[in-house]
Amino acid sequence: MSTPSATLTVWAGSWLAGHSAPDDVLDALRAWAPRQTVAAGDPVTGGHTGLPWASDDALDAQGAGIMVLLKLIREAVAAPKARARLVLPVPGDVRGLPGGTEFAAAAMEVGEGLLLGAPGGDGTGLVPVWSDDDTLRWTVYAIPVPPTSEPDMPLGEAEFTMRQAVRDAADALQRLQTTRLGSGSAGPRELVEAELESHSKHRYPDSMPLRARRILDTADQVAAILTVAEREPASAPTSASAAAAQETLLRPLWHAIRAARLAAVHAAGS
């Protein structure tokens, strides 16, 4: 899994469908952090949910336990047509976000979040925030769920796109690493494998469609290659134009990864 929000979306969907137990959801989340808390993102949400609210500095001490998440999710998707939707916003791609909300700002800041509720109705937004390496705080917002959402990429298209993206990402890495060969440091393959290792501790529900699993696994592989390309370039861009060229090379691949992950995660929870 690439993000805590994706993990929660997939496992909550499996639990709500009767394929997984509540403890399975919690165990999957604990693979991200041994300590997790839940708190309201603002006083109004705190009043509606009964969750504690405080400044960021005090949230960890006052947050509720992670079991509260299951209660919030079940209540939020109890209405007809209610569902859980993953969001993976980045500048220039804010699909799924309810504009002008504190949830949208928080999700944009961390690049992920989870929408719960029926389209066009009142709902709940969840945003995970790392307090430290061992503590993850789930921040809860009362939100209006957008009345419509952009359709996900069909799974067949997502799978084909990710297969092509592996080749394109490898080509991009080679182009950015050309002058680095023979430097004596770890090679690109070792760096990519090390990057992928962090994903191995996260598992999928048994009920998850095999095609969706393949798409997520391939998306992780592409993301690992791109991360290495960005972190370990042959040399830093020497000009603004060089930096822009590097971003232009990698940006479409990151966009394809997000679209494929959204399609696979939502297919798993449907």
Side-chain angles (χ1 to χ4, degrees), residues 1-39 51 60 63-78 82-88 96 106-107 110-117 123-141 152 155 158 162 195-221 223-224 257-258 260-270:
M1 292 292 186
S2 58
T3 62
S5 296
T7 294
L8 182 55
T9 306
V10 168
W11 279 96
S14 178
W15 163 57
L16 292 170
H19 301 307
S20 300
D23 284 347
D24 295 328
V25 183
L26 300 181
D27 288 344
L29 289 178
R30 291 188 184 107
W32 285 101
R35 182 169 184 263
Q36 300 189 34
T37 61
V38 184
L51 289 171
D60 289 333
I66 192 175
M67 283 292 294
V68 173
L69 275 181
L70 300 184
K71 178 177 181 291
L72 287 171
I73 291 170
R74 184 177 287 282
E75 291 176 348
V77 300
R83 56 187 177 176
R85 300 283 293 180
L86 174 68
V87 292
L88 299 172
V110 301
E112 62 174 295
L114 180 60
L115 277 168
L116 302 163
T124 300
L126 303 175
V127 177
V129 179
W130 290 96
S131 301
D132 54 53
D133 290 343
D134 296 322
T135 307
L136 188 64
R137 183 186 74 232
W138 292 91
T139 311
V140 183
Y141 299 89
D152 289 319
L155 286 188
M162 285 299 93
E195 189 67 30
L196 272 173
E197 186 177 356
S198 63
H199 296 283
S200 63
K201 63 183 178 180
H202 301 288
R203 58 190 181 90
Y204 303 130
D206 292 339
S207 59
M208 188 172 186
L210 290 177
R211 173 173 272 183
R213 296 188 194 196
R214 289 198 302 268
I215 291 169
L216 291 177
D217 285 341
T218 309
D220 288 345
Q221 182 180 357
I257 289 170
R258 288 195 303 277
R261 281 173 168 165
L262 289 171
V265 166
H266 293 152
S270 61

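Keep in mind the model is a prediction, meaning the values are calculated, not measured. In what follows, residues are counted from 1 in the order of the sequence shown.
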Closest heavy-atom pair and its distance - [X], [Y]:
| X | Y | result |
| --- | --- | --- |
| Leu262 | Leu86 | CD2-O, 3.2 Å |
| Ser5 | Leu114 | OG-N, 4.5 Å |
| Leu116 | Ala84 | CD2-CB, 3.5 Å |
| Ala263 | Leu155 | O-CD2, 3.7 Å |
| Ala82 | Ala76 | CB-O, 3.7 Å |
| Leu196 | Ala224 | CG-CB, 3.8 Å |

What distance separates [X] [atom1] from [Y] [atom2], expressed to the nearest 0.5 Å?
| X | Y | atom1 | atom2 | value |
| --- | --- | --- | --- | --- |
| Asp134 | Gln36 | CG | CD | 11.0 Å |
| Trp138 | Leu8 | CH2 | CG | 4.5 Å |
| Leu70 | Trp15 | CG | CH2 | 4.5 Å |
| Arg35 | Asp133 | CZ | CG | 13.5 Å |
| Gln221 | Glu195 | CD | CD | 12.5 Å |
| Trp11 | Ser207 | CH2 | OG | 7.5 Å |

May I ask you to test the [X]-[Y] pair for a side-chain heavy-atom distance under 4.5 Å?
| X | Y | value |
| --- | --- | --- |
| Tyr141 | Val127 | yes |
| Ser2 | Leu216 | no |
| Val140 | Leu126 | yes |
| Asp24 | Ser14 | no |
| Leu69 | Leu29 | yes |

Check each of Arg85, Arg83, Arg261 against His266 using the side-chain hydrogen bond (donor to acceptor under 3.5 Å, both in side chains) test, and report the only one that passes.
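The passing option is Arg85.
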Between [X] and [Y], is there a donor-acceptor pair closer than 3.5 Å when you use the side chain of the first and the backbone of the second?
| X | Y | result |
| --- | --- | --- |
| Arg258 | Val87 | no |
| Glu112 | Thr3 | no |
| His19 | Asp206 | no |

Under a 4.0 Å N-O cut-off, is there an ion pair linking Arg30 with Asp27?
yes
Sort out for me which residue in Asp152, Thr9, Ile215, Leu88 forms a side-chain contact (heavy atoms from CB on, under 4.5 Å) with Val265.
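Going through Asp152, Thr9, Ile215, Leu88 one by one, the side-chain contact (heavy atoms from CB on, under 4.5 Å) with Val265 is satisfied by Thr9 alone.
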